[in-house]
Amino acid sequence: MTFENLIYEIKDNVCTITINRPKVLNALNQTTIHEIGKAIAEAEKDENVRVIIFIGSAEKSFVAGADINELALMNPMTGKETSWAGQSVALAIENCSKPVIAAINGFTLGGGCELALACHIRIAGENAVFGLPELGLGIIPGFGGTQRLPRLVGKGKALEIMLTGDFVNAEEAYRIGLVNKVIKHTEFMEIEKDGKKKTVPNLEVTRENVLKAALEMAQKIVTKAPISIKCGIEAVTRGLEMNLYEGLCLESNLFGLISSTEDMKEGMNAFLEKRKPTFKNK
Ligand code: CO8
């Protein structure tokens with residue numbers, strides 16, 4: 001598939017979707033948001049795709065937010081439509097039956113942070129910076145950030161991040177549960193700034209290392225039974241919005257369903273026969 005602002009690639013059952021507007025640090029304009037929706041729908045229906053990874057093309061940015069040039073023109077109607085368009089795409093990611101990993105380097109702000117929050121797993125480079133700067137622009141997060149951030153890090157921390165607009169570095173993001181892991185293999189390089197030599201992290205290498213870590217995680221997931229992955233994601237994602245009893249009912253219903261699959265028999269037999277399973281998504 002070809003897109004104006006995305007690079008869509010599939011290799012070894014993993015679809016990598018690169019957000020590609022480096023001149024504006026991958027800020028999300030309406031075209032990009034629409035394209036992300038199309039890309040996720042395409043990856044979800046493609047039987048060859050088992051895991052999806054989002055990454056930014058810019059060395060120093062995952063996504064620096066919604067495109068402020070467009071936001072500046074909003075009126076009440078288009079503001080609501082823009083918010084709903086972004087929320088719908090975030091919901092499609094969150095409810096995707098295939099695992100979605102955000103491979104994050106650099107600035108992950110506003111709508112970019114909200115995009116990452118909608119993914120199932122977040123892997124960050126040590127140069128990652130998170131934040132919700134919207135209140136300083138006279139708006140509020142509108143792509144689901146007010147709802148997903150407190151669910152992930154708790155109400156107090158979420159309010160602090162939103163109200164202060166302070167940036168959260170990768171280490172802190174890991175400590176509060178905003179990211180699953182931080183990749184620390186940064187290489188350094190020498191640059192000359194203001195006539196002085198300085199040693200700075202090589203951001204291109206950081207980005208590559210984050211992608212490598214995401215691809216390694218994806219390859220572990222690819223060995224698991226696809227229907228189990230789908231049911232597992234549904235049980236966790238939907239279950240979180242239910243009370244315990246309803247969530248347990250959902251889990252046992254899905255467990256019953258999964259017990260009817262060929263892959264369930266294959267998984268059990270493979271263990272008993274001391275071999276690796278071959279799952280068929282049936
Ligand atoms: N939108 C448009 N352009 C951007 C954005 C953005 N979000 N972020 C960066 N850019 C542009 C800059 O304007 C600059 O363009 P130019 O080269 O033409 O001047 C270029 O990218 C490079 O950026 P900087 O020169 O500023 O790079 P720095 O390294 O100096 O700074 C920062 C990096 C700190 C990330 C800085 O660019 C910045 O503060 N960006 C804005 C971050 C922000 O506020 N994001 C939140 C946006 S609001 C949002 O996301 C709302 C989501 C919900 C919407 C709901 C709809 C109703």
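Atoms within a ligand are numbered from 1 in the order they appear, just like the ligands themselves.
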For [X], atoms of ligand 1 separated by under 4.0 Å from a heavy atom:
X: Gly142; value: 53 (C), 55 (C)
X: Ser83; value: 56 (C), 57 (C)
X: Glu114; value: 52 (C), 53 (C)
X: Gly79; value: 57 (C)
X: Thr82; value: 56 (C)
X: Pro133; value: 43 (C), 44 (O), 45 (N), 46 (C)
X: Leu109; value: 35 (C), 42 (C)
X: Leu137; value: 44 (O), 47 (C), 48 (S)

Under a 3.5 Å distance rule, please check whether [X] uses its side chain to pair with a backbone N or O of [Y] as donor and acceptor.
X: Ser83; Y: Gly79; value: no
X: Asp263; Y: Lys280; value: yes
X: Thr108; Y: Gly106; value: yes
X: Arg122; Y: Ala116; value: yes
X: Glu114; Y: Gly144; value: yes
X: Asp67; Y: Asn69; value: yes
X: Lys198; Y: Glu192; value: no

Notebook entry, point to check: Going from CG on Asn20 to CG on Asn5, what distance comes out if it is rounded to the nearest 0.5 angstrom?
Noted result: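 Interatomic distance, Asn20 CG to Asn5 CG, rounded to 0.5 Å: 7.5 Å.
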Item checked: Value rounded to 0.5 Å, distance of CZ in Phe54 from CG in Asn26 ->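 With rounding to 0.5 Å, CZ (Phe54) is 12.5 Å from CG (Asn26).
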Looking at [atom], is any protein heavy atom nearer than 4.0 Å to it?
atom: atom 19 (O) of ligand 1; answer: no
atom: atom 40 (N) of ligand 1; answer: no
atom: atom 49 (C) of ligand 1; answer: yes
atom: atom 27 (O) of ligand 1; answer: yes
atom: atom 45 (N) of ligand 1; answer: yes

Note to self: Counting only nitrogen or oxygen atoms and a 3.5 angstrom limit, does Phe167 reach ligand 1?
What the structure shows: no
Which of the listed options, [options], holds the heavy atom that is closest to [atom]?
atom: atom 54 (C) of ligand 1; options: Trp84, Phe107, Phe143; answer: Phe143
atom: atom 43 (C) of ligand 1; options: Ala64, Gly110, Gly65; answer: Ala64
atom: atom 23 (O) of ligand 1; options: Leu71, Leu28, Leu25; answer: Leu25

Nearest protein heavy atom with distance in Å, relative to [atom]:
atom: atom 17 (O) of ligand 1; answer: Lys23 O, 4.5 Å
atom: atom 21 (O) of ligand 1; answer: Val24 CA, 3.3 Å
atom: atom 30 (O) of ligand 1; answer: Lys60 NZ, 4.7 Å
atom: atom 1 (N) of ligand 1; answer: Ile68 N, 3.0 Å

Notebook entry, point to check: For residues Ser97 and Glu44, is any side-chain donor paired with an opposing acceptor at under 3.5 Å?
Noted result: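 Their side chains do contain a donor-acceptor pair, which is all the 3.5 Å distance test asks for.
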Check: Can you find a side-chain donor-acceptor pair between Thr78 and Asn75 that sits under 3.5 Å?
Finding: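 Yes, because at least one side-chain N or O of Thr78 sits under 3.5 Å from a partner of the opposite role on Asn75.
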Margin query: Grouping I, L, V, M, F, W and Y whenever their side-chain heavy atoms are under 4.5 Å apart, do Phe107 and Val179 come out in a common cluster?
Written below: no
Note to self: So that I can tick it off, tell me whether Lys38 and Glu35 are bridged by a salt bridge, with the cut-off set at under 4.0 angstrom between side-chain N and carboxylate O.
What the structure shows: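 Lys38 and Glu35: not salt-bridged.
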